[in-house]
Every structure is written in C-alpha cells, then in structure tokens.
Amino acid sequence: MKAALLVLRAELERLARSRAAWALLVVVAALSAARAAATIALAGRAGATLDAGGAWAPFVDGWSLGLALTAAITLVAGALILASDLENGVVRLTLTRSAGRGSLLVGRCLLAPFVALPLACAAGFGAWASARLGAGGSLDFGALVEEGYQYMSAAEVWREVELACASSALGLLGLWALGLAVATLARSAAWAVALALGGWLAFDQLKRDLLGDDAYWFFPSHVPSPEDASAFAGLAAFVRGASDALPADEHMTYALLAPALGVPLVLLGAWTSLARRRL
C-alpha cells in the first residue's frame with residue numbers, strides 16, 4: 001500500500017502542474033453556465049413565465065450537461081494517464097523503483113476522486129451561478145408550484161438534487177476504473193482513448209433497446225449522457241412540473257449496487273491484463 005500511495009502522490013503532483021487540468025475546470029464550468037443560460041433564453045423566447053422557483057430547470061439542465069462532459073473527460077483521462085505511461089516507458093521505469101504492477105494500478109485508481117469530483121463541482125457551480133443570475137437575477141431556488149399548489153418545498157428539491165448528484169458521482173468513479181482497464185488492453189494511448197470513448201458511447205446508444213431496465217445494473221447508466229437514463233433525467237422533468245417523474249426508490253439502490261459490484265470486477269480484469277502484459 002505504501003508504494004501505491006507514492007504513485008498517488010506522484011500523480012497528484014503531475015495533475016496539479018497540468019495546465020490542461022485547470023483549463024478543463026474552467027471549460028466545464030463555462031459550458032454548464034452556458035447551458036443554463038440557454039434554458040432561460042429558450043423559455044423567454046417561448047413566452048414562458050419563470051416563477052420564483054424557476055431557477056431549478058436551468059440549474060439542472062446546466063449541471064446535467066456538465067456531468068456528461070465530466071463523464072467523458074474522466075473516462076478518457078483514466079485511459080490516457082495509464083496508456084501514455086505504458087507507451088512511453090514510464091511504467092517500466094517505475095517498476096525498477098520497487099513499485100509493483102498492482103501498486104501502479106491502485107495508485108492511479110485512487111486518483112479518481114481528485115479528477116472527477118472537482119470537475120463535477122465546477123459544473124455545478126457554473127450551472128448554479130448562471131441560473132441564479134439569469135433573467136436579471138429574478139430567479140430563485142424556491143418551492144415548486146403547479147397551478148397554485150406547492151408539490152415540493154425548496155429543501156425537498158435540494159435533497160433530490162443531492163441524491164441525483166451522489167448516484168452520478170459513484171458512476172463517475174466507475175468510469176475512471178473502466179478507463180484504466182481499457183488502457184491495459186490497448187497498445188497505444190490513441191487506441192485506449194478511442195476504445196474507451198467509443199465503447200461508452202456505443203453502450204449509451206444501445207442500453208435502452210438491448211437491456212431495458214437491466215441497464216441500471218451497469219454503472220455507466222447512472223451518469224448523465226447523450227441518452228440520459230440517470231437520476232438527472234427524471235429530475236429535469238420533475239422541476240418542470242412532472243410531479244411523477246422522479247426516479248423510483250430502487251434507482252438509488254441500483255446506483256449503489258452497480259459500482260459496488262461492477263468496479264471490483266473491472267479492476268480485477270485490469271490487474272489481470274496488466275500482470276500478463278509485457279512491458
């Protein structure tokens with residue numbers, strides 16, 4: 001474990017010095033803010049009146065887009081950070097300094113929260129700021145009201161947002177592990193990125209048709225994506241007045257079980273592949 005922590009420390013230092021990593025935080029926050037602003041603008045052009053609780057819809061839309069971008073970045077970064085080191089010989093050099101292959105994999109796996117969670121927080125902040133300041137600052141995160149009837153208080157909506165965010169965060173950490181696993185199979189960094197991103201997008205497009213509700217047993221299903229089946233998809237409809245659109249209670253159970261069952265299997269496959277690979 002000591003060797004894995006040394007690998008983690010080295011990767012954290014490299015991450016902190018990376019200008020690209022800092023730039024991605026800004027880009028994800030800006031695009032999330034732009035998506036929230038677009039929701040407000042579309043509502044205005046359609047003649048819709050946003051009430052005191054009208055900040056919820058742009059906020060959820062913006063954060064959902066930011067989390068989808070975070071998912072893609074996390075998956076690609078997980079594949080690239082190991083595949084590039086395998087390709088350029090850094091892994092071979094590390095092995096000569098008493099860090100075994102398992103330590104190399106575990107150390108990079110522990111890096112996942114330091115990549116995914118700051119990006120997710122940046123997306124949430126960008127969406128929140130844009131929604132709160134949109135329409136001249138007249139919008140607020142108030143109670144949800146439909147035809148004069150309050151069907152959920154602001155505190156209850158925040159709780160649903162927190163649950164959706166928690167379920168997506170676990171899926172993001174799983175995508176990092178998946179990226180590492182793909183990197184152990186690919187022969188170059190370019191192929192690792194192509195296989196990881198292509199495989200994720202293919203699964204995303206086919207999951208509903210091929211798996212139906214069984215798709216929730218796979219952790220990528222719990223992360224916002226182009227074909228969104230995550231808790232954020234139901235939340236977006238709910239804050240627009242569809243009071244029955246919130247995910248069922250079983251959704252959070254799946255969101256907890258899918259990473260708990262899937263990620264160890266993915267990492268076991270990654271370790272097996274790395275152990276057999278000639279460096």
Shortest non-hydrogen contact from [X] to [Y]?
X: A71; Y: P224; answer: CB-O, 4.4 Å
X: A236; Y: D61; answer: CB-OD1, 4.0 Å
X: L180; Y: G78; answer: CD2-O, 3.2 Å
X: A36; Y: A131; answer: CB-N, 4.3 Å
X: G66; Y: S32; answer: CA-OG, 3.1 Å
X: L267; Y: C109; answer: CD1-SG, 3.7 Å

Does any N or O in the side chain of [X] come within less than 3.5 Å of the main-chain N or O of [Y], such that one atom is a donor and the other an acceptor?
X: Y216; Y: A258; value: no
X: T272; Y: L268; value: yes
X: T184; Y: A181; value: yes
X: S273; Y: G269; value: no
X: S167; Y: A164; value: yes

So, taking the atom named [atom1] in [X] and the one named [atom2] in [Y], what distance separates them when rounded to the nearest 0.5 Å?
X: W56; Y: W158; atom1: CH2; atom2: CH2; value: 4.5 Å
X: L119; Y: L172; atom1: CG; atom2: CG; value: 9.0 Å
X: L257; Y: H222; atom1: CG; atom2: NE2; value: 8.5 Å

Residue pair [X] / [Y], side-chain heavy-atom distance below 4.5 Å:
X: L265; Y: L261; value: no
X: D204; Y: P220; value: no
X: L170; Y: F219; value: no
X: V161; Y: W63; value: yes
X: E160; Y: L235; value: yes

- Query: Should the pair F141 and W128 be assigned to parallel (<30°), tilted (30 to 60°) or perpendicular (>60°) ring geometry?
  - Reply: parallel
Hydrophobic cluster identity match, [X] and [Y], side-chain contacts under 4.5 Å:
X: L201; Y: L75; result: yes
X: W176; Y: I73; result: yes
X: L175; Y: V76; result: yes

- Message: Working note: L185 + L195, criterion side chain to side chain contact (heavy atoms under 4.5 Å, CB included); need CA distance, chi angles, decisive distance, verdict.
- Response: CA-CA 10 Å; L185 299 172; L195 290 173; 5.9 Å; no
- Item | Stepwise side chain to side chain contact (heavy atoms under 4.5 Å, CB included) test for F218 and Y254 | CA-CA 9 Å; F218 297 85; Y254 282 123; over 6 Å; no
Kindly check if the number of other-residue, nucleotide or ligand heavy atoms within 6.0 Å of [atom1] ([X]) is above 12?
X: F203; atom1: CZ; result: yes
X: W271; atom1: CH2; result: no
X: W22; atom1: CH2; result: no

- Message: I'd like to know whether L178 forms a side chain to side chain contact (heavy atoms under 4.5 Å, CB included) with W200, so could you lay out the CA-CA distance, the side-chain angles of the two residues, the decisive distance to 0.1 Å, and finally the verdict.
- Response: CA-CA 10 Å; L178 183 60; W200 176 57; 5.7 Å; no
- List the steps and the verdict of side chain to side chain contact (heavy atoms under 4.5 Å, CB included) for V115 and L15. CA-CA 8 Å; V115 175; L15 182 65; 4.0 Å; yes
- Mind running salt bridge (Lys or Arg N to Asp or Glu O under 4.0 Å) on R159 and E162 for me, showing each step along the way? CA-CA 5 Å; R159 179 177 177 275; E162 290 168 359; over 6 Å; no
- Item | Residues R35, T39; criterion side chain to side chain donor-acceptor pair (under 3.5 Å); working and verdict | CA-CA 6 Å; R35 181 65 183 91; T39 297; 2.7 Å; yes
